Amino acid sequence: MTNLPPSGTGADLPPHRYNAALAQEIELRWQDRWDAEGTFEAPNPAGPLADADRLADRPKRFVLDMFPYPSGAGLHVGHPLGYIGTDVYGRFRRMMGENVLHSIGYDAFGLPAEQYAIDTGTHPRVRTEQNIEIMRRQLRRLGLAHDQRRSVATTDEAYYRWTQWIFLQIYNAWYDETKGQARPVAELEAELASGSRPTPDGRPWSQLSRTEQRALIDSHRLVYLSEAPVNWCPGLGTVLANEEVTADGRSDRGNYPVFKKRMRQWMMRITAYADRLLDDLDALDWPESIKTMQRNWIGRSHGANVSFASPAGAIRVFTTRPDTLFGATFMVLSPEHPMVGELTTADQAEAVAAYQREAAAKKDVDRQDESREKTGVFTGSYATNPVTGTEIPVWIADYVLMGYGTGAIMAVPSGDQRDFEFARRFGLPIVATQMPPDAWFEGHGTTPSVSCDTWPEAYVGEGTYVNSANDSLMLDGERTMVEAVALISAWLERNGVGEATITFRLRDWLFARQRYWGEPFPILWDDNDMPVAVPDHLLPVLLPPLEDFKPVAADPDDATSEPELPLGRVKEWAELTLDLGDGPRRYKRDLNVMPQWAGSCWYELRYLDPTNTQAFVDAEVERYWMGPQGNGHPGGVDLYVGGVEHAVLHLLYARFWHKVLFDLGHLSSWEPYHRLFNQGYIQAYAYTDGRGLNVEASEVIENPPGVWTHNGEPVTRVYGKMGKSLKNIVTPDEMCATYGADTLRLYEMSMGPFDASRPWSTRDVVGMSRFLQRVWRLFVDEETGRFQVVDAGVDGGADPATLAALHRTIAGVSADYDGLRFNTAVSKLIELVNHLTKADEPMVRSVAEPLTVMLSPLVPHLAEELWQRLGHTTTISYEPFPVADASLLVADTVEYAVQVKGKVRSRITVPADADDATVEAAALADDKIVDLLAGAAPRRVIVVKGSMVNIVP
RNA sequence: GCCCGGGUGGCGGAAUGGCAGACGCGGCGGACUCAAAAUCCGCUGUCCGAAAGGGCGUGUGGGUUCGACUCCCACCCCGGGCACCA
């Protein structure tokens with residue numbers, strides 16, 4: 001695919017030039033040696049990976065990349081950007097004396113391997129293992145300092161044994177609201193049995209049948225069965241979590257339509273943790289944008305529940321604005337609301353049923369189209385507004401969603417734009433509860449009026465309360481919204497018709513998938529059709545071999561289709577006889593598998609202790625690597641780098657599992673990822689021909705600039721993701737072949753800020769290649785191969801300018817590495833090397849050694865090679881990073897720019913220790929400045945220490 | 001519509017409120033070469049000028065300041081997220 005010859009090839013080249021062939025030889029040699037010596041194996045404080053000598057008293061640092069999916073297509077140059085960044089950072093911190101844990105594993109269950117298997121007939125395991133091998137080889141070629149012993153895959157039986165174990169921990173736990181934490185269900189059962197906790201209907205525990213007891217316990221579990229509308233995706237043959245459905249109602253994988261369908265499904269009670277998932281964000285060092293996305297997704301709203309009496313009983317609504325209750329002139333129920341049937345009167349029955357049918361047939365996409373006009377139907381019934389006593393009509397409309405709040409609203413058309421539109425459409429009364437400010441009327445070109453007839457839209461905001469009083473409650477007058485809400489909430493509670501409450505947008509996590517390639521549920525069904533956990537000693541529940549793992553192909557648009565579970569086809573696996581302490585009995589296995597997110601919810605913990613067979617992670621090992629670092633610190637990974645696309649999926653689920661495990665006493669940290677950094681993406685240009693088809697990007701020629709042709713045909717340039725379909729893939733393999741891994745690493749780090757997306761440009765890579773050639777030439781004579789670094793004389797050897805440049809570089813590069821500013825670190829190193837090259841005299845050891853150490857995080861193979869040639873026998877990886885000598889950072893003299901009215905007009909050089917008055921005098925004495933001022937006395941002179949003088953004439 | 005990012009040479013990008021354009025690519029000129037490639041050296045924001053030098057320049061328009069890419073206000077454009085959430 002490459003159209004470049006390896007760099008530095010040609011007939012009469014200097015024999016010892018640093019070119020692709022030499023780089024390759026050096027790189028492969030050092031990669032072998034690192035493996036052989038276990039150079040990057042990080043010692044644990046306990047267990048099989050313990051090594052007290054190597055642990056010493058070094059501070060720990062856990063650096064983590066987001067768990068990659070081993071794609072069948074192999075890596076392109078965009079994939080390793082983050083891995084190289086964490087590698088540079090990890091190598092730097094190791095040189096700062098820290099015990100750095102950095103590894104990478106494979107999130108290998110999931111839909112892509114299964115879809116590929118369906119397309120090709122290859123078993124997903126075969127394909128997955130091949131892909132992992134390919135990816136391991138590609139990553140190894142980049143020289144990443146990973147601890148290979150810790151590289152796990154979610155598909156390993158020894159791994160998913162613990163995924164299933166954690167699932168059962170969650171299954172066997174309930175959320176104790178009073179304590180605000182999860183506890184084992186055994187404790188719940190003990191409380192119920194002892195009577196310290198009453199049963200819902202008040203009967204003593206012992207009088208409940210065993211089935212009733214189990215049902216009661218099951219209803220509390222953090223993993224539970226729910227009969228509710230779920231996201232059914234016929235195209236994938238499985239149900240999906242809310243987080244896996246895009247805003248336009250399609251699956252995030254495969255982009256198939258998704259339908260709401262009532263089904264019995266396994267859920268995880270993530271909503272129990274909504275408050276903590278929200279509040280604990282404050283303790284995390286994450287980009288504010290990601291925190292905001294999680295906050296929005298959780299969507300905590302403060303408000304009140306209010307009951308409206310109706311012929312069918314109390315209708316409960318949730319509102320964030322109970323203070324506007326006096327303006328509630330009608331109610332709206334979701335078409336799916338369970339009370340609709342009973343509320344509908346005979347003469348409205350037909351219209352209501354028709355509307356319900358219509359709503360049910362709509363895809364979420366259509367239903368969420370905000371621009372369309374409001375629709376709805378009157379049920380024929382009336383409810384009573386609890387504060388006014390007025391009878392108000394009850395409608396159904398699809399702008400009210402069953403999935404949020406109570407599925408019913410009180411409509412306050414004067415204070416809510418949606419209700420306003422609905423009221424106008426159907427001629428329902430609109431009563432103001434607040435008088436908008438005059439400016440609001442002015443802004444709408446009308447005159448202030450308490451009658452809403454002239455209002456062009458609802459008013460939302462602070463305003464004087466009107467029409468809001470009854471015999472026992474008075475809101476009218478000047479008061480803030482907060483105050484009014486408090487007053488009416490208290491009134492509602494006093495009168496038993498409502499109370500202040502909090503509602504979340506977050507829904508429980510639909511956890512089951514009707515697929516093959518995932519962790520089987522460790523759940524059995526007994527002959528009472530009740531679920532039973534597989535006992536620990538029978539884990540893992542292995543995924544059975546299956547010849548035909550295809551889901552039954554359903555029409556992606558057929559909302560009426562039903563899931564068919566592939567595991568159900570393995571009859572001899574799906575049923576079994578087992579003695580769980582009450583004699584041998586027949587059980588059926590649960591046939592669901594877990595979603596792909598399961599394995600990635602805890603993988604960082606397994607990196608810590610990958611070989612442990614007694615526990616998913618040893619407590620001491622977890623405390624060492626993940627434990628809280630002081631007051632208020634939640635613990636967790638020290639640096640977590642990955643793409644922004646996991647903002648609400650993986651990152652929310654993993655936090656949830658981590659918190660459950662913390663509550664159950666298995667972890668010392670209560671957040672998995674303390675510091676999160678989103679790296680940018682590498683994008684690439686692609687080219688389309690006259691027919692709009694993509695042509696092979698590497699064959700496109702640009703000449704003249706801005707004009708592109710492919711085989712002589714003009715093509716147009718577009719910008720997008722690197723991928724097969726755009727025919728613009730560049731692989732790390734071809735870059736390693738053309739230049740070497742060190743050049744590729746350096747180029748990726750130099751392209752731009754770590755968190756910014758940028759376009760790949762193969763043409764630009766040569767710049768980094770030239771730089772490394774200059775570095776090489778400083779050490780090695782290209783013609784003879786002679787090592788030409790000289791040992792320093794008595795005075796240290798380096799001239800003052802070089803010494804100053806070196807220490808300036810040390811200071812700058814340390815700060816840049818630490819701040820993940822790799823691009824500017826690279827340019828500072830280039831500046832230093834350019835300075836040394838221009839000096840045109842042999843480099844002294846006292847410069848060569850710190851330079852080599854500074855280069856090593858970026859170009860570790862080359863640095864190891866130079867380090868060895870400098871006479872060292874051990875790896876450079878643990879050499880201390882140089883420290884800048886502050887005394888060398890200040891020069892004897894310093895140049896000041898002299899500005900007149902903010903424009904640089906001259907330059908002066910003064911002693912570094914000159915005071916402001918001296919600098920000012922020198923500036924005013926400068927010939928050019930004297931000319932410019934033409935004898936006039938300056939009105940003002942500003943001296944900026946060490947930098948510039950600004951003269952205001 | 002709401003919430004986040006972001007607009008700097010031909011391109012990627014750099015600049016604690018203090019000399020805009022570091023560093024790299026590309027381009028131009030030169031060295032080496034029979035020649036080319038590779039490599040090395042010099043120049044390279046833009047306009048005027050032979051040069052010295054000067055004018056203009058960080059999306060647009062205002063403002064604060066001795067001084068603004070940087071801070072404030074309004075707007076335009078691009079990317080991302082959310083979106084009938086009561």
Side-chain angles (χ1 to χ4, degrees), chain A residues 5 7-14 17 19 247 287-293 295-297 299 301 303 317-321 332 367-372 374 397-401 403-412 415-419 421-422 503-505 644-645 647-648 678 702 704-706 746-747 750-753 755-771 773-774 777 782 821 823-831 834 837-838 895-905 907 938-953:
Chain A
S7 71
T9 49
D12 43 357
L13 279 176
R17 171 158 294 175
N19 60 12
E288 207 46 48
S289 59
I290 300 284
K291 288 190 185 182
T292 304
M293 281 161 75
R295 288 191 186 108
N296 290 344
W297 191 263
S301 297
V317 303
F318 172 73
T319 176
T320 54
R321 292 293 305 275
V332 186
R367 198 163 154 168
Q368 283 171 9
D369 180 3
E370 207 177 327
S371 59
R372 82 197 165 86
K374 295 273 181 295
D398 63 6
Y399 82 92
V400 176
L401 310 173
Y404 185 77
T406 62
I409 62 156
M410 64 178 213
V412 183
D416 182 287
Q417 186 57 27
R418 294 157 301 185
D419 299 344
E421 286 166 17
F422 195 82
T503 289
F504 295 90
R505 200 189 89 107
V644 71
E645 74 272 20
V648 288
N678 292 121
E702 180 180 10
L746 193 62
Y747 173 66
S750 74
M751 292 169 77
D755 58 357
S757 292
R758 48 287 210 13
W760 177 264
S761 173
T762 297
R763 192 174 71 176
D764 292 2
V765 182
V766 70
M768 293 305 115
S769 174
R770 287 178 193 150
F771 165 61
Q773 288 185 354
R774 286 202 295 281
R777 268 195 299 274
E782 282 191 333
R821 294 185 298 270
N823 56 330
T824 51
V826 172
S827 55
K828 285 175 177 115
L829 287 163
I830 293 174
E831 283 181 280
N834 288 351
T837 302
K838 281 197 180 76
E895 187 184 78
Y896 279 73
V898 184
Q899 296 183 341
V900 178
K901 281 205 294 188
K903 290 199 188 302
V904 179
R905 297 298 180 176
R907 286 165 198 287
R939 280 198 295 142
R940 193 166 168 194
V941 179
I942 294 104
V943 176
V944 183
K945 191 81 189 144
S947 170
M948 52 160 288
V949 182
N950 190 16
I951 298 167
V952 188

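As the structure is a prediction and not an experimental result, all values here were calculated from the model. In what follows, every chain begins at residue 1, and chains take the letters A, B, ... in the order their sequences are listed.
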Could you state the atom-to-atom distance from [atom1] of [X] to [atom2] of [N] in whole Å?
| X | N | atom1 | atom2 | value |
| --- | --- | --- | --- | --- |
| A/Met948 | B/U16 | CE | C1' | 15 Å |
| A/Arg770 | B/A37 | CZ | P | 12 Å |
| A/Gln773 | B/A37 | CD | P | 16 Å |
| A/Arg905 | B/C66 | CZ | P | 19 Å |
| A/Arg907 | B/G53 | CZ | P | 12 Å |
| A/Arg774 | B/A38 | CZ | C1' | 14 Å |
| A/Ile830 | B/C25 | CD1 | C1' | 11 Å |

Go through the structure and list residues passing salt bridge (Lys or Arg N to Asp or Glu O under 4.0 Å) with [X], not counting sequence neighbours.
| X | result |
| --- | --- |
| A/Arg758 | none |
| A/Asp416 | A/Arg418 |
| A/Arg777 | A/Glu782 |

Between [options], spot the one nearest the side chain of [X], thanks.
| X | options | result |
| --- | --- | --- |
| A/Gln899 | B/G81, B/G18, B/C23 | B/G18 |
| A/Ser947 | B/C4, B/G18, B/U39 | B/G18 |
| A/Val904 | B/A20, B/C41, B/C82 | B/A20 |
| A/Arg940 | B/A86, B/A15, B/C66 | B/C66 |
| A/Tyr399 | B/C84, B/G13, B/C40 | B/C84 |
| A/Pro753 | B/G13, B/C19, B/A83 | B/G13 |
| A/Val766 | B/G18, B/G26, B/G42 | B/G26 |
| A/Thr837 | B/G13, B/G24, B/C41 | B/C41 |
| A/Arg777 | B/C40, B/G24, B/G18 | B/C40 |

Just to be sure I understand the rule, does [X] reach a base, reach only the sugar-phosphate, or reach nothing, if contact means heavy atoms closer than 4.0 Å?
| X | answer |
| --- | --- |
| A/Lys291 | nothing |
| A/Ser750 | nothing |
| A/Asn296 | nothing |
| A/Thr824 | sugar-phosphate |
| A/Val944 | base |
| A/Thr406 | nothing |
| A/Asp419 | nothing |
| A/Arg295 | nothing |
| A/Ile409 | base |
| A/Pro287 | nothing |

Taking the six-membered ring of A/Phe422 (Phe, Tyr or Trp), confirm whether the NZ or CZ of A/Lys374 is under 6.0 Å from its centre and within 45° of its axis.
->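 That pair does not qualify as a cation-pi contact.
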Who are the side-chain contact (heavy atoms from CB on, under 4.5 Å) partners of A/Glu895, not counting sequence neighbours?
->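 Testing A/Glu895 for side-chain contact (heavy atoms from CB on, under 4.5 Å), a comparison that skips the adjacent residues, returns A/Arg907, A/Thr909.
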For A/Thr837, all residues meeting side-chain contact (heavy atoms from CB on, under 4.5 Å), sequence neighbours excluded =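 With neighbours one apart ignored, the set is A/Arg774, A/Leu778, A/Val833.
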Span that lies between the [atom1] atom of [M] and that of [N], in whole angstrom:
| N | M | atom1 | value |
| --- | --- | --- | --- |
| B/C56 | B/C72 | C1' | 26 Å |
| B/A51 | B/C41 | P | 26 Å |
| B/C47 | B/C11 | P | 14 Å |
| B/C66 | B/G13 | P | 35 Å |
| B/G9 | B/U60 | P | 10 Å |
| B/U70 | B/G6 | C1' | 15 Å |
| B/U58 | B/U46 | P | 15 Å |
| B/C69 | B/G61 | P | 14 Å |

Position toward the 5' end of RNA chain B (nearest nucleotide), A/Gly946 or A/Asn950 |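 Residue closer to the 5' terminus by nearest nucleotide: A/Gly946.
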5' precedence on RNA chain B between A/Thr292 and A/Tyr747 (nearest-nucleotide basis) |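 In this pair, the answer is A/Thr292.
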What I want to check is whether an N or O donor and acceptor connect the side chain of [X] with the base of [N] at under 3.5 Å.
| X | N | value |
| --- | --- | --- |
| A/Lys374 | B/C84 | yes |
| A/Arg939 | B/C66 | no |
| A/Asp764 | B/C25 | no |

RNA chain B base-pair string [pairs: Watson-Crick or G-U under 3.5 Å; |: paired with another strand] = (((((((..(((.....[....)))((((((.......))))))((((....))))..(((((..]....))))))))))))....
Flag, side chain of A/Ser947 to backbone of A/Val944, donor-acceptor distance under 3.5 Å =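 No; judged by distance alone, with no hydrogens or angles, the pair does not exist.
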